[in-house]
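Atoms within each ligand, like the ligands themselves, are counted from 1 in listed order.
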Amino acid sequence: MAMLKDKKIVLGVTGGIAAYKAVEVASRLRKAGAEVHVIMTKGATNFVTELTFREISGNPVTTTMWGEVTQWNVEHIALANLADMVLIVPATANLIAKAACGMADDMLTTTLLATKAPIVYAPAMNSNMYTNPLTQENISKLNNLGWNMIPPASGHLACGINGVGRLPEPVDIVAFVENYFAKTASMAGLKVLVTAAGTYEPIDPVRYIGNRSSGKMGYAIAREAKKRGAEVILVSGPSALTPPEGVRTIKIESASSMREAVLAEYPSVDIVIKAAAVADYRVKNVSDHKIKKKDEELVLHLEKNPDILKELGELKQKQTLVGFAAETQKLIDYAKEKIQKKNLDMIIANDVSKPGAGFNTDTNIIKIITRDGNIEELPMASKDSLAGEILDRVMKLR
Ligand code: PMT
């Protein structure tokens, strides 16, 4: 439990029946050495008293933005600034929806919007509310920003039905918090460069040649590296995704502009992970004006783009260099060839013809191959969790 010693945890308690379990969470955190500051929503005060949390946490409890200021640190963003983590137990559907919309209509939501500290949500609610697409969309919005959800447990719910939506046990919530701090220390001091999404190669001012990469794989890696304490630079082709919080994102369009951005950052980084789908060819004579429809056929001449990863391999000094291989056949043979040709330390091979793998899916199926020829096959999993698996292997290599 040493991980929690002197950590300042702002515990947000919202109005759900599981609010009583937040008392045990506060108690366990305090016993583990953390400094606990509780913010209760108005709804939460219907379930547990302010006095209970004051006694258990040993600190004043905040329930409103409008009360008399009794000490310096109860002004409206003081807790946001002081926190090493904001932990919401339980997180109701309402709180999650407000957080996902950036609302700030009470002390807890104001703190969530103002804080730079990591935020961990422990959702608890009726199963139908939890599985409702609106709640799921709000959860993924918060996940994509890099915030953390402790998955709810399944079982008997206070509303009388069995299903998903139970608050995990306080001991598990505290273990999650402890692991979180252990993980965030694991890549501290490292600078990581991730590339993501596809490139657009212009044909004329309105048209381009592109590919189906959404950026999901690369963004997941950037987000996870940031969570683990690394300084992260994300060089991204066009993507509809919101860049993760705290990650320096450089938006580019073509392979040439990706090359420029990557080479400029390369000397100072420790780890490069190239998840981007870079176009191998570009149009030779890009038209200055929109090409008019005249002939039955239009012939475009393509020329080779620079192979950015190969160039990084040639320039490599201290960097750990990780590539991806997107193949539809001979996955391992081609991936191994790329390790040698591009001087990589590791390659993540995905057969992009398999359902649930590759482009624009939330999941992937990968094989992790290292320079010494070791191959590890991972079962289908979310890109978020595979990002963690990839970083675990990268850290083992260093
Ligand atoms: O973005 P998503 O929708 O989540 O999809 C994820 C993904 C399928 C794009 C990802 O998992 C993936 O496989 N990325 C690599 C795609 C690719 O371009 O693979 P490749 O085998 O053609 O290239 C091999 C490696 O060389 C890649 O690391 C690539 O970034 C790099 N490369 C390729 C060509 C080039 N001109 N320069 C490069 O740096």
Side-chain angles (χ1 to χ4, degrees), residues 144 193-201 209-224 234-241 243-244 252-263 265-266 271-282 302-316 319-369 378 380-387 389-390 394:
N144 288 339
L193 172 70
V194 182
T195 69
T199 58
Y200 282 6
E201 306 302 324
I209 299 174
N211 63 62
R212 298 176 198 279
S213 173
S214 61
K216 286 179 185 174
M217 191 69 247
Y219 277 55
I221 295 169
R223 196 162 45 237
E224 185 62 28
L234 174 64
V235 177
S236 172
S239 166
L241 301 176
I252 54 86
E253 288 218 334
S254 63
S256 306
S257 53
M258 177 173 280
R259 174 179 173 273
E260 223 173 89
V262 167
L263 287 182
E265 302 294 339
Y266 193 48
I271 298 167
V272 178
I273 306 182
K274 280 212 86 253
V278 186
D280 289 322
Y281 292 89
R282 65 178 169 221
L302 304 181
E303 63 184 355
K304 243 189 177 169
N305 260 330
D307 188 326
I308 308 166
L309 191 52
K310 186 160 177 281
E311 214 170 322
L312 298 183
E314 284 158 7
L315 296 170
K316 185 161 80 169
Q319 297 90 347
T320 304
L321 199 51
V322 181
F324 267 72
E327 306 293 349
T328 55
Q329 55 175 338
K330 296 190 186 165
L331 182 63
I332 298 212
D333 291 349
Y334 286 150
K336 280 185 165 173
E337 217 175 280
K338 280 175 187 164
I339 287 198
Q340 297 307 327
K341 212 169 100 190
K342 305 192 189 205
N343 192 20
L344 308 179
D345 299 291
M346 180 188 278
I347 197 155
I348 314 301
N350 42 190
D351 179 342
V352 293
S353 65
K354 279 194 179 156
F359 291 89
N360 202 16
T361 49
D362 290 329
T363 54
N364 207 353
I365 307 168
I366 61 170
K367 291 182 172 52
I368 301 181
I369 308 174
L378 274 68
M380 186 194 292
S382 71
K383 284 179 176 167
D384 283 340
S385 78
L386 289 174
E389 300 288 345
I390 292 167
V394 172

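- For the residue pair Asp280/Asn305, the side-chain donor-acceptor check at 3.5 Å is not satisfied.
- Side-chain contact check for Ser236 and Tyr219: at least one donor-acceptor pair (N or O, by modelled atom type) lies under 3.5 Å.
- In this structure, Tyr266 has no side chain to side chain donor-acceptor pair (under 3.5 Å) partners at least two apart in sequence or on a different chain.
- Looking at heavy atoms from C-beta onward, Ile347 lies out of side-chain contact with Val322 at the 4.5 angstrom threshold.
- Side-chain contact, Arg282 with Ser256: a donor N or O sits under 3.5 Å from an acceptor N or O.
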Using a 3.5 Å cut-off on N/O to N/O, what pairs does ligand 1 make with the protein? A line per pair would be great.
from	atom 1	to	atom 2	distance (Å)
ligand 1	1 (O)	Ser213	OG	2.6
ligand 1	1 (O)	Ser214	N	3.2
ligand 1	1 (O)	Gly215	N	2.8
ligand 1	3 (O)	Ser214	N	2.8
ligand 1	3 (O)	Ser214	OG	2.6
ligand 1	3 (O)	Asn360	N	2.6
ligand 1	4 (O)	Lys216	N	3.3
ligand 1	4 (O)	Met217	N	2.9
ligand 1	4 (O)	Lys383	NZ	2.7
ligand 1	5 (O)	Gly358	O	3.4
ligand 1	11 (O)	Asn350	OD1	2.6
ligand 1	13 (O)	Asn350	OD1	3.3
ligand 1	13 (O)	Asn350	ND2	2.9
ligand 1	14 (N)	Ala275	O	2.9
ligand 1	19 (O)	Ala326	N	3.4
ligand 1	21 (O)	Ala326	N	3.1
ligand 1	21 (O)	Lys338	NZ	2.5
ligand 1	26 (O)	Lys342	NZ	3.0
ligand 1	28 (O)	Lys274	O	2.7
ligand 1	28 (O)	Phe324	N	3.0
ligand 1	28 (O)	Phe324	O	3.3
ligand 1	30 (O)	Lys274	NZ	3.3
ligand 1	30 (O)	Ala276	O	2.7
ligand 1	36 (N)	Pro306	O	2.9
ligand 1	37 (N)	Ile308	N	3.1
ligand 1	39 (O)	Lys274	NZ	2.8
ligand 1	39 (O)	Leu309	N	2.9

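- Side-chain contact annotation: Ser353 with Asp351, donor-acceptor N/O pair under 3.5 Å present.
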